[in-house]
Amino acid sequence: MFSAYDSYKIKFMILTEENDMEDKRFVYMDHAATTAVHPDVAEVMIPYFTDKFGNPSSVYKFASDNREVVSNARRTIAKTLNADYSEIYFTAGGSESDNWALKGYALSHKDKGRHIITTKIEHHAILHTAEFLSDNGFEITYLGVDENGIIRLEDLKKAIRPDTILISVMFANNEIGTLQPIKEIGEIARANNIAFHTDAVQAYGQLPIDVNELYIDMLSASGHKLNGPKGTGFLYVRKGIKLDNLIHGGQQERGKRAGTENVPGIAGLGKACEIANSTLEERINRETSLRDYLIDRILMEIPYVRLNGHRTKRLPNNANFCFQFTEGESILIMLDMEGICASSGSACTSGSLDPSHVLMALGLPKDVAKGSLRLTLGYENTKEDVDYVVDNVKAVVNKLRSMSPAYEDYIKNSSLKTVY
Ligand SMILES: *Cc1c(COP(=O)(O)O)cnc(C)c1O
């Protein structure tokens, strides 16, 4: 069957052919930003938009299918985490899950303490929620990271206070892909009677996760990062963890998250989680070897480049580089002209180029951090895609450097230094 991705590829080729008579490839390598809905996922969703439109809360038989598909998705997801069915709550995505975990836990435990520990490299869904809480009577400690983007367990232990109620550390970073020592963090939290939340939006569906083995109390995940629909996600909440509502209203989700269930979305999310977890091992092997091939080629073939994130303790699909004497945004624009979708850790906000908080937390100088490029693989990517991308990155970086006065100066000065 043709996927939506294939048809987009073909459309793109026709479009570019019409416009400039060139037969260009289209390569999507930005799977950390979002992914295409898997064709089998789209298929299970469609009937819930059309024939089976009932409200799961209705009593008549017509709605029983809607109740059932939601229950089945909950059961499927619980199994993938070694969790109980009753510990999965559907949300409208990773951001809502993160907001709920932090605000809900903080509010329901404010009498016990008001101190929360997180990291400097979290997604904004955590960082901005933490800021909101700090404006509302809570104290936040932001742990730094080493040059690979990994927190130091000693720092975590030192940050713990008698009034610490919650530790929130992301499973895998969305920019540089580094994996945190989740089990060790969980053990420390458990030993200190502190709840442990992890934003696993990038990790869930890419790596095996057992919430019991890893001592995780709450876990956020999102549908559209794992070939599921946008606007869907879930929060795992360990039995016995008290959590205030984020959304009040009806009795849906056992009274913990009001609002008529997004039945097509939940059906799709369940299917996406099922596919992601049943193909986990094969995708990890395939993507890890493609990733390593990509990293090796870039590091070998392009000078003045830095790999961001740990060489091996990283997501199977993530590669992130800084190319000195370039700007990430310029790389992206030039890659886009070659039909390549990628991402950069520096966003051009109001005319100034601000390197991401994650790259800055690694301790990189600003002018190195601003030349960053993130390439994230998906199940559709092939070795030919990687070769096409690497060849184009090489050409683009060379071109940008040839126009860079800083590069010219550097080359001049360094050649002076090497004159015999
Ligand atoms: C994408 C992402 C989120 C936000 O998820 P949405 O479903 O887009 O709201 C949160 N955390 C991380 C690490 C992410 O990558």
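Just follow the structure's listing: the first ligand is 1, and inside any ligand the first atom is 1.
In this structure, Arg190 does not pair ionically with Glu187, as no charged nitrogen and carboxylate oxygen lie closer than 4.0 Å. Using a 4.0 Å cut-off between charged nitrogen and carboxylate oxygen, Arg291 and Glu287 do not count as a salt-bridge pair. With salt bridges taken as basic N to acidic carboxylate O contacts below 4.0 Å, none links Lys256 and Glu253.
Judged purely by atom type and a 3.5 angstrom limit, Arg314 has no side-chain atom pairing as donor or acceptor with the backbone of Gly177.
Protein neighbours of ligand 1 below 4.0 Å, counting non-hydrogen atoms: Gly93, Gly94, Ser95, Asp98, His123, Met170, Asn174, Asp199, Val201, Gln202, Ser222, His224, Lys225.
With sequence neighbours left out, the side chain to side chain contact (heavy atoms under 4.5 Å, CB included) criterion links Arg311 to Asp292, Ile295, Asp296, Leu307.
In this structure, Thr376 and Met29 have side chains that are not in contact, with every pair of non-hydrogen atoms separated by 4.5 Å or more.
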